[in-house]
Structure formats: structure tokens, C-alpha cells
K.L.:
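Just dropping this structure here.
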2 protein chains.
Amino acid sequence: MNAASRSVSVKDVAARAGVSLGTVSNVLNRPDRVSDPTRVKVETAMRELGFVRNESARQLRAGHSRVVAYVVLDAANPFFTDVAQGVELSAGLADLWLFICNSNNDAERERAYLDLLQQQRVQGILITPVDPDAEHLREVAGRGTPLVVVDRTQQGLDLCSVAVDDVLGGRLAVEHLIDRGHTQVAFIGGPLSIGQVRDRWQGAQQAWADAGLPPESLHLITTSALTVVEGRGAGERLSGLPSRRRPMAAFCANDLLALGLLQQTIGSGRRVPDDLAIVGYDDIEFASAAAVPLTSVRQPRHELGRTATELVIDEATNPAHTHTQVTFTPELIARTSTLG
Amino acid sequence: MNAASRSVSVKDVAARAGVSLGTVSNVLNRPDRVSDPTRVKVETAMRELGFVRNESARQLRAGHSRVVAYVVLDAANPFFTDVAQGVELSAGLADLWLFICNSNNDAERERAYLDLLQQQRVQGILITPVDPDAEHLREVAGRGTPLVVVDRTQQGLDLCSVAVDDVLGGRLAVEHLIDRGHTQVAFIGGPLSIGQVRDRWQGAQQAWADAGLPPESLHLITTSALTVVEGRGAGERLSGLPSRRRPMAAFCANDLLALGLLQQTIGSGRRVPDDLAIVGYDDIEFASAAAVPLTSVRQPRHELGRTATELVIDEATNPAHTHTQVTFTPELIARTSTLG
DNA sequence: TTGTAAGCGTTATCAC
DNA sequence: GTGATAACGCTTACAA
């Protein structure tokens with residue numbers, strides 16, 4: 001029971017039990033090949049000494065680990081933890097354990113985690129990358145660690161990916177607002193260096209053009225991050241516009257922005273959706289639980305996680321694996337924030 | 001570049017560079033002892049072969065890893081991801097990397113993760129346990145893996161812990177409501193098997209008794225989980241009470257409950273705080289961003305994470321380490337949901 | 001049924 | 001400055 005002591009090895013257990021080291025290993029790995037009395041002796045010794053198998057040695061021998069890792073952009077965004085839940089579920093079925101790593105939107109940290117995980121020889125890496133085109137993602141896969149990009153499609157065919165059609169998602173959101181009769185709409189999101197934001201904005205523009213509406217009545221309001229605070233800021237900018245030109249509807253690039261916008265709108269005495277209709281994106285749990293339940297574009301979060309896990313396992317175990325790009329279809333969930 | 005091929009070892013690099021294996025190791029660990037031309041040759045070989053250090057072998061040799069893990073109760077609760085952020089920050093300073101594991105409030109999963117992490121010989125484990133008195137927590141520490149309990153105080157002195165005084169937190173919340181003139185208050189939370197909930201409820205009762213108010217006017221409304229959905233359910237039960245006996249104020253055991261209650265209250269046409277004052281607990285970001293900014297009891301989340309990390313590092317590296325129980329003081333943040 | 005020994009990839013010690 | 005070698009703890013043939 002002394003934390004400072006060297007850790008107990010199979011050799012120590014063998015000595016204590018008065019058997020050879022191979023027998024101890026047999027107790028651990030093929031208990032049926034060991035006689036009952038011997039087995040009991042060994043198990044007793046293990047308990048008495050507080051033996052804990054050394055996974056490094058095990059893995060060094062076996063050549064692979066029982067872990068998959070998911071490197072997320074932002075652990076505080078419920079969207080990613082929901083995807084992670086999907087991963088956990090299907091990883092568990094394959095007897096794999098999940099470690100979540102937070103890159104915090106920092107390319108340096110992302111790289112460092114990727115290096116560490118490769119060195120650990122994890123079974124596979126799932127990642128929502130800062131930059132899906134970064135060379136080092138391809139290197140990882142090339143060096144033998146299966147890797148799947150989550151929430152971004154890959155243009156190349158040299159990596160697996162699971163994603164949602166964000167252009168379509170943007171379309172759905174704006175078509176819905178057009179259906180509700182809006183002719184002045186704000187798109188709120190940014191920075192545009194984030195691919196997801198770019199795609200949703202593009203979809204919004206397409207829907208707008210298809211409806212024959214003039215481009216200048218679809219307003220772009222960029223933010224510096226996809227957070228609640230930025231959403232409130234965008235609301236203030238919106239309020240500042242002269243009422244003639246002020247959009248009566250907003251499509252936010254994610255739900256955190258939409259929740260911030262919602263709060264600022266209600267807080268300044270205006271009503272949702274009467275004074276401002278709001279559409280979010282992701283359909284996180286807080287969206288339906290908002291003071292005014294939020295219309296949002298739903299992504300199949302658990303399925304993203306599940307599919308990504310299946311792909312990474314296939315890449316790890318199936319010699320005939322071919323890289324696959326899976327795209328899911330988003331769905332608009334209409335609630336009070338646009339329906340009144 | 002073939003994912004199926006055996007992974008490249010120092011031996012392969014040595015062969016390719018035409019040097020001995022020891023020299024390759026020197027390039028990696030003491031580059032100053034190697035002549036420039038040799039170093040360049042070796043580095044080139046590494047690049048060409050796509051060499052990735054094997055952490056298992058490294059760790060087997062070194063005896064310890066560069067990882068700390070934080071086992072959380074619920075990865076989807078922003079409170080825990082905020083604590084995790086504090087951990088990441090200070091772990092980074094010690095050149096340690098953080099893996100987040102989600103027990104999902106399941107004692108079985110918690111155990112399995114603890115086993116895996118011990119086997120991995122991680123530098124230390126931080127954990128918000130399902131049951132802080134569980135024997136296996138003590139066993140972990142006893143077997144040599146430093147372990148710190150986060151967000152629960154330990155009665156025994158045989159483990160490190162960092163926590164917030166939840167009894168005091170409960171007091172602060174209810175004293176605030178008493179100050180605002182309330183004489184009928186509901187405590188909403190559960191299940192009471194969760195220690196945090198028990199402590200907050202106890203603090204609430206103490207404040208109530210100290211003010212000389214009758215126990216029957218402090219209503220206990222238990223929930224089956226600390227979630228938004230349960231908060232809405234509690235709101236419905238509250239609405240169902242005859243108006244004479246209906247409390248005009250509620251103290252929720254965490255912010256997720258409070259947000260659910262807030263939504264249900266506003267959604268059913270009542271006003272906050274005029275018809276119902278609400279106090280939450282944790283002060284997560286969504287609290288201040290709610291439609292009615294939420295009065296909440298703030299816990300120093302980042303500091304919890306930071307301190308826990310420092311303790312676990314001390315336990316791992318300082319032979320004179322003594323187990324320490326750190327308790328932080330919570331703080332009431334008064335906002336519109338009680339102030340009007 | 002049990003014991004012996006080789007080897008996984010790395011690092012560090014010691015000769016050269 | 002460089003190269004051979006032992007050791008870390010475990011698993012698995014194979015020998016007894």
C-alpha cells in the first residue's frame with residue numbers, strides 16, 4: 001500500500017505465489033490452462049501485492065492498444081460532446097475505450113495531440129480538425145494510424161470522413177425563412193475561415209438566389225467566434241440598424257450564436273419571433289430548452305459519432321479497407337422562434 | 001506510406017542511415033552528442049521512413065507517462081468541461097497532456113476507466129466520482145497512481161480532494177431569497193444520493209432554520225437527474241400547486257435544472273422574477289446568457305481544475321507529499337432572475 | 001500442467 | 001562520437 005514503491009510485476013507475483021512467471025501470465029490470459037489450486041494461489045498473490053497489469057508492456061508486445069481518441073475543437077460545445085457520446089457507444093461494442101482530447105481550436109495543440117496519440121499507437125483517431133486540408137492529417141494516416149475526419153467532408157479521397165451537408169443545411173434554414181415571408185434576412189456567423197460557416201453561408205445564398213431575391217437583402221454579419229457572447233454582440237449590431245433596413249429574421253451559423261442573439265433580443269424588449277425570427281444550427285439540447293424554443297437545423301450527432309467509429313475500426317482491422325466519405329442530410333426542426 | 005506495414009522502429013532507421021541503433025537514440029535524446037553529418041543522415045532516414053517513436057516502449061523504460069486523465073460524471077455538463085479547461089491549463093505548464101474520460105454517471109464505466117488508466121501508468125487521475133466513498137478510489141491511490149477527487153470533499157484524510165463548500169453554497173442561495181422577502185421557497189434537486197445535492201439541501205435548511213422560518217414552508221421537490229428536462233418537469237409540478245401554497249421562489253441544485261424551470265415558467269406565461277424568483281448553482285456560461293439572466297452560486301471552476309492538477313502532480317513527484325483536502329468558498333452572483 | 005526463453009522498441013551504460 | 005548490450009514487463013511458443 002505504499003505509493004512510492006516500485007510497481008508490482010508478474011515476476012513479483014510469481015515469486016510470492018511460488019510459481020513461474022509464465023504461469024502468472026497464463027492465469028491472466030488463459031486461465032483454463034491452469035489448475036485450480038495454482039490459479040487460486042496466483043490470484044491471492046495478485047490481490048495481496050496489489051498487482052496492476054502494465055499496459056505499456058502489454059501493448060509493446062501486442063502492437064496495438066484498446067483506445068480510440070476523439071480530438072474535438074471545443075469541449076465546451078455540446079455539439080461535440082454529443083458526437084462523442086455516439087462514439088463511446090459504438091466503441092464500447094468493439095471493446096474500445098474513448099479518450100477525448102480538446103484542441104481548443106488551436107492548431108499547435110492539435111498537432112501535439114496527434115503526435116502523442118500516434119506515439120501511443122492508439123487504434124484510431126477521430127478528429128474535427130482546425131484545418132481539414134492540413135498536411136499532417138494525411139501524414140498520420142500514411143504512417144499507419146487510422147484517422148477519420150468528423151464534421152468536415154474531404155475533397156481528396158485519401159481520408160475517411162463523416163459530415164453533414166452544410167450547404168444543404170444553410171439552404172433549408174433560409175428556405176424556411178423565405179416560406180415564412182421574410183424578404184430581409186441576416187446571416188450571422190464567422191469567422192469565414194471555418195469551413196462549416198462558409199458552407200452554411202453559401203447554402204443561404206443559393207436559396208436566396210433561387211427564390212429570385214436580391215443579394216443585398218441577405219445581410220452578412222460576421223462574428224469572431226461561434227459563442228453565446230458573440231451572438232449577443234451580433235444582436236446589438238442588428239439593433240443598431242435603421243428600422244427600415246433592419247432584417248426581421250436571422251439565420252445563425254450555430255446554436256450558441258442563436259442563443260446569444262435570442263437573449264439580447266428578448267432582453268432589449270423585442271419579441272421572438274414577432275420582431276425577429278431566429279434559426280440556429282446543430283439543434284443542441286439547449287435549443288429546444290431556450291426561453292423561446294429555437295428553430296434549428298439538426299445534425300445527426302450520435303450517428304456522426306457512430307459512423308466515424310465504424311470507419312476507423314474498419315480502417316484498423318480490414319485489410320481491404322477503402323477510404324470512404326459519408327455525408328448525412330440535415331433536417332430543419334421548426335419551433336416557436338420562427339413559427340410564433 | 002502503407003498503413004498495413006509494420007511500424008518503423010529505431011532499428012529500421014539505423015539500418016537506413018547506416019549507423020547503429022544507439023546513435024539513433026542519441027539523435028532523439030541527446031542530439032548534442034552526435035556529429036552534425038550523422039545527425040542529418042539520421043534525421044533524413046527518419047523522415048523518409050515516417051518514423052514515429054513508440055510511446056509504449058519509451059514508457060516501459062521510463063516507468064511513467066506524460067498524461068493525466070480526468071474522469072468526469074457527465075461530459076455534456078458545461079461545469080465539468082470548464083473544470084477540465086482549468087486542468088488543461090496547468091497540466092500544460094508541467095508538460096502533461098490531458099485525456100478526458102466520461103463515466104456518464106455509471107459506476108461500472110468509472111471502474112473500467114480507472115483500471116485502464118492505472119494499467120496505462122498515467123501520471124495521475126482526477127475524478128469526479130459517482131460515489132466518493134467507493135473503496136476502489138482508495139485502492140487506486142494505494143497502488144501507486146496519484147488520484148485526486150474533484151468536486152467532493154473526502155471525510156477520510158487518505159485522499160487528496162478539491163471541492164467547494166456546498167453546504168455554504170446552499171446557505172448563500174437561501175439567505176439571498178430570504179433577504180428578498182420570500183417566506184415560501186422550493187428546493188429543487190435530486191436524486192438525494194448525489195452528495196452535492198444533499199449538501200446544498202442541507203445548507204438551505206440551515207439558513208431557513210437560522211432565520212426562524214417554519215420547516216414546512218421550505219418545500220423539497222426531488223428530481224431524478226440534474227438536467228434541463230427535469231427542471232421543466234419540476235416547473236410543471238410547481239405550477240400544479242394551489243396558488244395559496246405555491247412558493248414564489250425556487251433554489252435549484254444546479255443551473256441545468258434552473259434553466260429548465262426558467263423555460264417552463266416563461267413558457268407558461270408567468271414572469272421571472274415577479275411570479276417566480278429562481279436561483280441556480282454552478283454559474284455556467286448559459287446562466288448569464290439565459291433569457292432572464294440567472295442568479296447563481298458560482299464555483300471557482302478553473303481554480304478547482306488548477307488546484308486538483310497541482311495536487312496530483314505533487315503526489316506524483318514529491319516524496320514528502322501529504323494528502324490535502326482543499327475547500328473553496330462559493331459566491332452568490334445576483335442577477336435579474338431574483339432582482340427584477 | 002508448468003517452466004524457460006525470446007522478443008516487442010526504447011533508453012542508458014559502458015567500452016571502443 | 002559511435003556502437004554493442006542489458007533492462008523495462010509482458011505474452012507466447014516450445015520444452016520439460
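On a predicted model such as this, the values are computed, not experimentally measured, just so you know. Chain A is the first sequence line, chain B the second, and so forth, proteins listed ahead of strands; every chain is numbered from 1.
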K.L.:
Measure CE/B:Met46 against C1'/C:dT10 and give the value in whole Å, please.
P.N.:
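To the nearest whole Å, that distance equals 12 Å.
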K.L.:
Tell me which of B:Gly18 and B:Leu60 sits closer to the 5' end of DNA chain D, going by the nucleotide each one is nearest to.
P.N.:
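This one resolves to B:Gly18.
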K.L.:
At under 4.0 Å, does any side-chain N or O of A:Arg53 touch on OP1 or OP2 of D:dT11?
P.N.:
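True: A:Arg53 side-chain N/O within range (under 4.0 Å) of D:dT11 OP1/OP2.
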K.L.:
Can you figure out which of C:dT10, D:dC8, D:dT2 approaches the side chain of B:Phe51 most closely?
P.N.:
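For B:Phe51, the side-chain atoms sit closest to C:dT10.
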K.L.:
Without decimals, in angstroms, what is the distance between A:Asn26 CG and D:dC10 C1'?
P.N.:
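After rounding, the gap between these two atoms is 12 Å.
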K.L.:
If each of A:Thr38 and B:Lys11 is mapped to the nucleotide of DNA chain C with the nearest heavy atom, which maps nearer the 5' terminus, i.e. the 5' end?
P.N.:
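Here A:Thr38 is the residue nearer the 5' end.
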K.L.:
Which of these passes side-chain hydrogen bond (donor to acceptor under 3.5 Å, both in side chains) with B:Tyr70: B:Thr81, B:Thr128, B:Asn102?
P.N.:
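Among B:Thr81, B:Thr128, B:Asn102, the one that satisfies the side-chain hydrogen bond (donor to acceptor under 3.5 Å, both in side chains) with B:Tyr70 is B:Thr128.
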K.L.:
Check whether any side-chain nitrogen or oxygen of B:Asn29 sits under 4.0 Å from OP1 or OP2 of C:dT11, and answer yes or no.
P.N.:
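Yes, within the criterion.
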K.L.:
Report yes if a side-chain nitrogen or oxygen of A:Arg58 is closer than 4.0 Å to either non-bridging phosphate oxygen (OP1 or OP2) of D:dT11; otherwise report no.
P.N.:
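Affirmative; the distance criterion is met.
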K.L.:
Begin from the C-alpha positions of B:Leu28 and B:Arg53 and carry the test side-chain contact (heavy atoms from CB on, under 4.5 Å) through to its verdict.
P.N.:
CA-CA 9 Å; B:Leu28 288 168; B:Arg53 251 160 137 142; 3.6 Å; yes
K.L.:
Between A:Glu315 and A:Cys160, what is the shortest heavy-atom contact and its length?
P.N.:
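Result for this residue pair: OE1-SG, 3.8 Å.
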K.L.:
CG of A:Asp32 versus C1' of C:dT2: gap in Å, rounded?
P.N.:
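After rounding, the gap between these two atoms is 14 Å.
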K.L.:
Any base atoms under 4.0 Å from A:Ser25, or only sugar-phosphate, or nothing? Heavy atoms, all strands.
P.N.:
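Counting heavy atoms under 4.0 Å across all strands, the contact made by A:Ser25 includes a base.
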K.L.:
What's the CZ-C1' distance between B:Arg33 and C:dC14, to the nearest Å?
P.N.:
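These atoms are roughly 11 Å apart.
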K.L.:
If you check the B:Asn54 side chain, which of C:dA12, C:dT10, C:dG3 turns out closest?
P.N.:
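Side chain of B:Asn54 sits closest to C:dT10.
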K.L.:
Consider the side chain of B:Ser20, meaning its heavy atoms from C-beta on, and name the nucleotide among D:dA4, C:dG3, C:dT10 that approaches it most closely.
P.N.:
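Side chain of B:Ser20 sits closest to D:dA4.
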K.L.:
What nucleotide among C:dA12, D:dC10, C:dT2 has an atom nearest to a side-chain atom of B:Leu21?
P.N.:
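For B:Leu21, the side-chain atoms sit closest to C:dA12.
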K.L.:
Figure out the CD/P separation between A:Gln119 and C:dT10, and round it to whole Å.
P.N.:
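Nearest whole value for this atom pair: 10 Å.
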K.L.:
Going by an N to O cut-off under 4.0 Å, is there a salt bridge joining A:Glu55 and B:Arg121?
P.N.:
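Answer for the salt bridge query: no.
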K.L.:
In whole Å, what is the span from the CZ atom of A:Arg30 to the C1' atom of C:dT2?
P.N.:
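One finds 12 Å between C1' of C:dT2 and CZ of A:Arg30, rounded.
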K.L.:
B:Glu55 has an atom CD; how far is it from atom P of C:dG9, in whole Å?
P.N.:
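Computing the B:Glu55:CD to C:dG9:P distance gives 15 Å.
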K.L.:
Please state whether the phosphate of C:dT2, meaning OP1 or OP2, lies under 4.0 angstrom from any side-chain nitrogen or oxygen of A:Ser35.
P.N.:
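Yes, A:Ser35 has a side-chain N/O under 4.0 Å of OP1/OP2 on C:dT2.
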K.L.:
Which nucleotide wins on minimum distance to the side chain of A:Thr23, given the candidates D:dG9, C:dG3, D:dG3?
P.N.:
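So the nucleotide nearest the side chain must be C:dG3.
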K.L.:
Is B:Asp158 salt-bridged to B:Arg138, going by a charged N under 4.0 Å from an acidic O?
P.N.:
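B:Arg138 and B:Asp158: salt-bridged.
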K.L.:
Between the side chain of A:Asn29 and the main-chain N/O of A:Ser25, is any donor-acceptor distance below 3.5 Å?
P.N.:
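Side chain of A:Asn29 to backbone of A:Ser25: a pair is present.
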K.L.:
Base, sugar-phosphate, or nothing: which does A:Arg39 touch, judged by heavy atoms less than 4.0 Å apart?
P.N.:
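Result for A:Arg39 = nothing.
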K.L.:
Once you round it to whole Å, what is the distance between P of C:dC8 and CD of A:Gln120?
P.N.:
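In whole Å, C:dC8 P and A:Gln120 CD are 21 Å from each other.
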K.L.:
If each of B:Arg61 and A:Leu28 is mapped to the nucleotide of DNA chain D with the nearest heavy atom, which maps nearer the 5' terminus, i.e. the 5' end?
P.N.:
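Result: B:Arg61.
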